Amino acid sequence: MSQQNLSNNNTPLTTVSKDGAIKRVDEERLLTSAETVTKLRAPTAPLKIQTNNLNIYYGANHAIKNVSMPIPEKQVTALMGPSGCGKSTFLKSLNRMLDIIPDTHISGEVLFDNKNVYANGTDVVELRQRLGMVFQRPNPFPKSIFENVAYGLKIMGGFSRSEIADRVETSLRGAALWDEVQHRLNQSALGLSGGQQQRLCIARALAVAPEVLLMDEPASALDPIATLKIEDLIHELRQQYTIVIVTHNLQQATRVSQYTGFFLTGALIEFGPTADVFEHSMDERTYDFIMGRFG
Amino acid sequence: MSKAQIQQADSAARLAGSGKFSLKKIFDDSAAIYFTICALIVIATLLLVYINIGSQAYQTFTQWHISLGNLFTSNNWDAVNNFGLKANFSGTIMLVFLTVFISAPFSVGMAIFIAEISPNWLQAPMRGAVELFLGIPSVIFGLLGLIVVVPFVRNVMNSLAGAYLYNGYGIIAAIIIVTFMVLPTITTISIDTIRAVPREIREGSLALGATRWQTIRNAVLPAALPGIMTGVILGVTRALGETVAVAFVIGGAEQFPFTVNSVAPYIHFSNGSDVLTTLLLFNFKEATNNTPLYSVLYTISFMLLIISAIMIAISRYFASRRVYQ
C-alpha cells in the first residue's frame, strides 16, 4: 500500500480508535470528495477501447463524471465500486445501450478501435454486434435453446441454415454449454438452470462474432458453482475477446481480471493492473473499499 | 430460554387465548363464514344455471324427439314444427370468425403502438381511451349500427351491385359493429401482456444488434403471444355472446348469411339473417312453456353455455402458457 498517498490527504476517511475498531467511512464526505482526476497506471497491452472525458447525465443527475479510461485488448477489465457508482452506466455507454433510455445526455468520446462510437453516422446495429453484452439477470428469450443462439444471426440475415447450425454449435461450445444441451436444442431455454441460462446468453452474444464482451455482473444472480463456471469461461474467452466485466464482488475481480477500474459516485478513482490496484492502491478510497470499509 | 421452552410458552399462550371470549375471534370466525357463503352462492348459482338450462334443453330430445342432427342439418325454421338452426349457426360462426379475424390484427397493432411506440406521456391517455371504448354499452353500438352502419352498408353494396338489391341489414353490418366491440377487449389484454415482457428481453435483443421493430417482432411478440391469444379468445367469447347490438342490425330473418350461385358477383349477401343469440332474443317472448320451441330455445342457450365454457378453458390454457405475468 502506498503510504505516501494516504498521508497526503489531510483528513483521513477512516479513524482507528484506541481499542483498534475501525469506524465506518463517512459516506457523505465520500460523495463530495469524489474527484474526477483518475489515479492511472496505464496498461502496457494495446488498447481496444479508450474513453475520453466521458460525461453522462440522466436528466439532471450527473451519472458519469469525466471518465477517461483505457480498456486493453484481449484482457479482462473489471469495473468495481459500490452500488450506484455508475459502473453499469459506463458499461452500457460503450455499446450505446444508453440510447434507449430517454433523457440521457452524453458528452466526451468513446473510442472503439480509435473511432468514436458517438460520432455521427455510427452504425449502432453493427456496433452492438461487435460489442456483445451479457446482463445481470440471465435473459434468454422464451424460445428454444437453438433459437436463442441463432437469434442474432437471423437478425443479421444472410446465413444459410447449415451456417446457422454450425455457428450455434461453436457458440455453445465456446460458452461451455454444448455438452449439457446438445440433445435438447429444441427445448425451451427457460427450462435451463440459472447458470446454464447465463452461459446461453454468453453463447448468444458469441454467435454474432463480437470483438468485445461487456458483462454486467454476470454472476450476481447465480450460485457459487455456477459462478465458478462463468469465471472459468471468462478465462477461456479472454484468449479471443476483450472483456469488460462489472462486478460487485472483489474476490471475483481479483480472480478474473487483469485490469481494474474503481468507480465512486460516477468518477473513475483509480485504474491499473488488478494486482497493483488491490495490493498497492494509489488512492485511499480504493484502499478503503477493498478493505471493506464501505460499499 | 431455549427454543423448546419458547415453543412451549407459545403454545401455552395460544391455548389460554383460545378458550377466552374475544371480539377478535368473533370477527375472525364470522368473516370466514361470510366468505364461505359468498363462494358457495357463486358455485351454487353456476350449478343451477347449468342444471336448469341443461334439463330444459334435454326435453328437446326426450319429449319432442328432435335430434341434434335435425337441429344442425335442417335449414327450415318456423318456430312451430321445424327447428333447423343451420342458418343461425352459420351466421354465428361467420360473425365470430370474421369479427375476430378482422379485429385481432388491428388490436395487436394498436396495443404495440400504445405499449411500445407511443411516448410515455401518451400511453396513459391512450389506454384510458381504449378502456372507455370497452365500457360503451352494447345498446349504443346497436344504435350507431342502425343509424350509421346499416345505411353505409346499404349504399356501398348497392353501388357495387349497380342496383337497389340490399337494405343494409344482415351479417356484414353485424360484423362491422361487433368488430368495434371486440377491438378494445383484445387491445387492453394485449397491452398488459406486452407490458409484462421484461425490459431485459428487449435489452437482450437490442444488444444483439436488433432494431426496435426486429425486437418487437422477434422477441417481444413471441414472448407476449400466449397473453395475446388469451385476449383473442375472450374476443371470441364476446363476439359469440353479443346480442343486443347485433339485434339492431342483423335483420332477424331465418336464412343463410349469404348464398352462392353462378350469377355474378357469385356471393349474394342476404337482406337480414340471424345468429343464435338474436334468435333467442327474438323468439323467447313468444315461446310458451311446454312447447317444442321453448325447449329448442333452451337447447340453444345450453349450446352457447358450452361453447363459452370451452372458450374459457382455451383462454385458461393460454394464460397458463404465459411466461411473464
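Owing to the predicted nature of the structure, the values given are computational and were not obtained by experimental measurement.
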Within 6.0 angstrom of [X] [atom1], more than 12 heavy atoms from elsewhere:
{"X": "A/Tyr58", "atom1": "OH", "result": "yes"}
{"X": "A/Arg184", "atom1": "CZ", "result": "yes"}
{"X": "B/Phe72", "atom1": "CZ", "result": "yes"}
{"X": "A/Arg238", "atom1": "CZ", "result": "yes"}
{"X": "B/Tyr317", "atom1": "OH", "result": "no"}
{"X": "B/Arg217", "atom1": "CZ", "result": "no"}
{"X": "B/Phe180", "atom1": "CZ", "result": "no"}
{"X": "B/Glu131", "atom1": "CD", "result": "yes"}

Can you tell me which portion of [X] sits under 4.5 Å from chain B's heavy atoms? Options are side chain, backbone, both or neither.
{"X": "A/Lys143", "answer": "side chain"}
{"X": "A/Pro140", "answer": "backbone"}
{"X": "A/Arg130", "answer": "neither"}

Atom [atom1] in [X], atom [atom2] in [Y]: separation rounded to 0.5 Å?
{"X": "B/Arg202", "Y": "A/Asn139", "atom1": "CZ", "atom2": "CG", "value": "12.0 Å"}
{"X": "B/Leu206", "Y": "A/Asp99", "atom1": "CG", "atom2": "CG", "value": "10.0 Å"}
{"X": "A/Ile100", "Y": "B/Arg212", "atom1": "CD1", "atom2": "CZ", "value": "10.5 Å"}
{"X": "B/Gln214", "Y": "A/Lys154", "atom1": "CD", "atom2": "NZ", "value": "13.5 Å"}

What are the two closest non-hydrogen atoms of A/Phe135 and B/Gly204, and how far apart are they?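 Closest heavy-atom pair between A/Phe135 and B/Gly204: CE1-CA, 3.7 Å.
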Answer whether the closest heavy-atom distance between the side chains of [X] and [Y] falls below 4.5 Å.
{"X": "A/Phe141", "Y": "B/Pro222", "result": "no"}
{"X": "A/Gln136", "Y": "B/Glu200", "result": "no"}
{"X": "B/Ile201", "Y": "A/Pro142", "result": "yes"}
{"X": "A/Arg128", "Y": "B/Leu208", "result": "no"}

Heavy atoms only, distances under 4.5 angstrom: which of B/Ala223, B/Gly209, B/Ala210 has the most pairs with chain A? Name it, please.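 Winner by heavy-atom pair count: B/Gly209.
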As an exercise: rank A/Glu126, A/Arg96, A/Arg137 by heavy-atom pairs under 4.5 Å with chain B and give me the winner.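 With the most close heavy-atom pairs to chain B, the winner is A/Arg137.
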Most contact-rich option vs chain B, by heavy-atom pairs under 4.5 angstrom, among A/Glu147, A/Met133, A/Gln129, is A/Gln129
